[in-house]
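Order of the sequence lines fixes the chain letters, A, B, ..., with proteins taken first and strands second; residue numbering starts at 1 for each chain.
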Amino acid sequence: MANHSQFGFQDASSPIMEELVEFHDHALMVALAICSLVLYLLALMLMEKLSSNTVDAQEVELVWTILPAIVLILLALPSLQILYMMDEIDEPDLTLKAIGHQWYWTYEYTDFKDLVFDSYMIPTTELPLGHFRLLEVDHRVIIPMESPIRIIVTASDVLHSWAIPTLGVKTDAIPGRLNQTSFITTRPGIFYGQCSEICGANHSYMPIVVESTPLTHFESWSSLLSS
Amino acid sequence: QSFKLLGFLDVKSVPCARESVLYGSLGSLVVGLGHFLATSKVRRSCDFAVGGFICTMLGYWFYCRYNLAQHRIRQRMLKEGMRNKILFEGSSLDPERKQTGNERSNS
């Protein structure tokens, strides 16, 4: 989860999010180069009288056509690479469904046994000491770590969105439509997210918590729940 | 504590950023000063200094990020290899066993 007054990304917990963070750093470096150039040109213009000689030259026309094209290529190539990487579906080990309601999530694990449970936010008045306000839920989504997971997201009433920043996942939950996304968690842990599509009065009070555990713990949890 | 250049690039937490900016500054100084010493033209030397800064900074950035990406891929392959070795050692799926089997059949 985000720390107090955190401005940047959370630490990545999936390979896709690692790539997204890398691309973001790359884009910021390109932005720094452009800003430096613009600042310098601004300073030049402020120090000199304006004339039409500079901007009428053929050479400057060439420069301010080719340079933006190069910048666009520098940004587009890694961006497209990540876009196609996100669309790869690699034979998932587990498929689970997330259904958005007003104002809670329902999760279904129907691969092997019919496991269905609701996930409500724990109200602040009932929150144990040391737990995170507006982020904790009564039933977490437990998944095995380092396994490709497919998640199918939909909603029963209005638009919602299933999002977990540290995994680089954000998928809209649309009534009457099934949206699919997949991810792999690179490490065990508890990952927090919140509903990311305005859905009514309690939109801010339907968080998502994913707990990534080793496979043996996941198996004992699922057999406990199904019994 | 973070140090953000122009208010948005955190040079302390972004890998390769600090070195890129420092090498860029050095490149800018070398190119700008060199041009001035050669031509004694201040305005043109400043243009070259800014160009040198951008080119050196971006050049080192791409070089450093490429090396970092290769390092990360090698790290992932190593991690995968170590896990597979632990999982399959001694079993019929052990790749080392298959390799020694092939060597024996070749000899």
Beyond-backbone contact of [X] with [Y], side-chain heavy atoms, under 4.5 angstrom:
X	Y	value
B/Arg65	A/Met29	no
B/Arg43	A/Met47	no
B/Val21	A/Leu32	yes

For [X], look at atom [atom1] and say whether over 12 heavy atoms of other residues, nucleotides or ligands are found less than 6.0 Å away.
X	atom1	result
A/Arg187	CZ	yes
A/Phe117	CZ	yes
A/His217	NE2	no
A/Lys97	NZ	yes
B/Arg18	CZ	no
B/Gln70	CD	yes
B/Phe62	CZ	yes

Which distance, rounded to the nearest 0.5 Å, do you find between the [atom1] of [X] and the [atom2] of [Y]?
X	Y	atom1	atom2	answer
A/Thr186	B/Arg76	OG1	CZ	9.0 Å
A/Ile34	B/Ile54	CD1	CD1	9.0 Å
A/Asp25	B/Ser20	CG	OG	11.0 Å

Measuring heavy-atom distances to chain B, does [X] have an atom under 4.5 Å in its side chain, in its backbone, in both, or in neither?
X	answer
A/Leu39	side chain
A/Leu37	both
A/His26	both

Between A/Tyr40 and B/Val50, is there a donor-acceptor pair closer than 3.5 Å when you use the side chain of the first and the backbone of the second?
no
Does B/His35 have any ring pair (Phe, Tyr, Trp, His ring centres under 6.0 Å) partners at least two apart in sequence or in another chain, and if so, which?
B/Phe48
Under 4.5 Å, heavy atom to heavy atom, which residues of residues 16-23 of chain A contact chain B?
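Against chain B, the residues of residues 16-23 of chain A that fall inside the cut-off (heavy atoms, under 4.5 Å) are A/Glu18, A/Glu19, A/Glu22.
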